[in-house]
Amino acid sequence: MVELTLDRIVSLAGDWNDGSRASEQFREIIEDEQTTTEEIEAYLLEAMEGTEQYHNRALQDLVNNIGRRLGFEVEYGVYQGRSDTIGYDGHWVSTATEDDTHLVVETKKTTAYSIDPGQAGDYMDELTTEEGIDRSQVYGLYVIGEGDVETVAQTVFGSQYRERMRVVTAQRLLDLLGIQEDSGLRHDQVVDVLLPINAVDVGQLVGLIQDVIEFREDDSGIEGGSTDGGGTAGTEWEGPQTGGNAVQGTISRDELRGDDDTTVAVFPSQTSGVEFLKENNAWGFVHINQQPEYVAMYISDDVQQIRYVARVKKIVSSTEATLARTLESYVGDQAEFDENKQVVVFEPGSLHELEDPIEYESRVPYSLRYTELGRFKEAETTDDIL
């Protein structure tokens, strides 16, 4: 539950306009790497249920923030059109494609009023002209809060923009973020989902993916077990203990063993969370739907680096994990116990501090993200793997 609601922000900071204190404060909150997806969802629900103008504007900011969390470079648009700027709600850029892909994003809280694809189409044309972008690299994306999305999709399908414009609900966009965090979608795969051939309502595709994932979870669950090879054998780790230190020294990324497509799960942590790593030779409490070969830890606060790496031994439910302290003692910043989440247990002797940590540039893992070992080894900054 978010502590600072939209209503509270307005009461403290005043009117919510372009460049206003309220807008700047809200964007600062949702861009904070410690703000969870669950908190974004709570804000989204509040924006959808509200009836004031600032609820619409908060929704616009939230949609852009979800785009950022999906790995796009995001430029916030304007709330109210003016002659000196393009009037889109957001401009998203993906560098995952051979030529950068641009999305002109329009957010509509409801479909109670008719939506004209020509508006976003004009913005696409203006962007193409002003930025000198190849027209084939520019798409439109309508994000709908609630209402008859099928009618909007049919309107787009019957227009001249049917090949260049997509429609999705805000909830489905948030679902896609959840799929990315839990199931390993890379950013380039996110782009493929949002821009498929011969599909306008991409929300249906997101729903299909979600159904398949839930079916697989129900059918097979998560299997534990050891991984093959990798890591450096340690002799000093004797199991979880208060004040313990499972870190076996330092290691360079080049020393990590595995194929280039080996899966690396990247988790975020505050500095306080490092104590959990060291005491337990594990990381928790998290939602994770596959067993990666490696775990890497991005440390926020003043560190802002991917600094630790370990080989995964198994994944267990939080209630079954053997930890240094009682489960009830894990509260607050270090780790928040949740009986519905899991603990990722590392191979003994495999937790190391990186000699060549990956520095923050502009992208951070707000929650679980996946990458490949080849990219992880070669990365110069976080932008290269997120």
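From a predicted model like this one, the values you see are computed outputs, not experimental measurements.
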Practice task
With sequence neighbours excluded, tell me which residues meet side chain to side chain contact (heavy atoms under 4.5 Å, CB included) with E355.
Solution key: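 Testing E355 for side chain to side chain contact (heavy atoms under 4.5 Å, CB included), a comparison that skips the adjacent residues, returns T250, S252, E255.
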Problem - Non-neighbouring partners of R21 that pass side chain to side chain contact (heavy atoms under 4.5 Å, CB included), sequence neighbours left out - result: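 Listed in chain order: A13.
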Exercise for the section: Assess whether ring-ring contact (aromatic ring centres under 6.0 Å, His included) is satisfied between F276 and F285, documenting all intermediate values. Expected result: CA-CA 10 Å; F276 185 97; F285 301 93; 5.8 Å; yes
What about the rings of [X] and [Y], do their centers lie closer together than 6.0 Å?
X    : Y    : answer
F26  : W16  : yes
Y308 : Y298 : no
Y294 : F376 : no

Exercise for the section: Please check if any side-chain donor atom of D148 sits under 3.5 Å from a side-chain acceptor atom of T151, or the reverse. Expected result: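 T151 and D148 do have a side-chain donor-acceptor pair below 3.5 Å.
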Practice task
Say whether Y79 and S23, considering side chains only, have a donor N or O and an acceptor N or O under 3.5 Å apart.
Solution key: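 There is such a pair between these side chains.
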Handout entry: Single-linkage hydrophobic cluster L277~V303, side-chain heavy atoms < 4.5 angstrom
Key =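 L277 and V303: one cluster.
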Practice task
Answer yes or no for R27 and Y76: cation-pi contact, defined as NZ/CZ to six-membered ring centre under 6.0 Å and angle to ring axis within 45°.
Solution key: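 Because its charged atom sits under 6.0 Å from the ring centre and within 45° of the axis, R27 does stack over Y76.
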Handout entry: Cationic N near anionic O, under 4.0 Å, D89 to K108
Key =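 K108 and D89: not salt-bridged.
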Problem - R325/E275 under salt bridge (charged side-chain N to carboxylate O under 4.0 Å, His left out): CA gap, chis, key distance, verdict - result: CA-CA 12 Å; R325 309 173 190 228; E275 185 177 356; 2.6 Å; yes
Problem - Distance-minimising heavy-atom pair for A153 and V167 - result: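 What the structure gives for the nearest pair is CA-CG2, 4.3 Å.
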Practice task
For D15, look at atom CG and say whether over 12 heavy atoms of other residues, nucleotides or ligands are found less than 6.0 Å away.
Solution key: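 Atom CG in D15 is not packed in, count stays at 12 or less.
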Problem - ring-ring contact (aromatic ring centres under 6.0 Å, His included) against H91, all qualifying residues, sequence neighbours excluded - result: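 Listed in chain order: Y88, H102.
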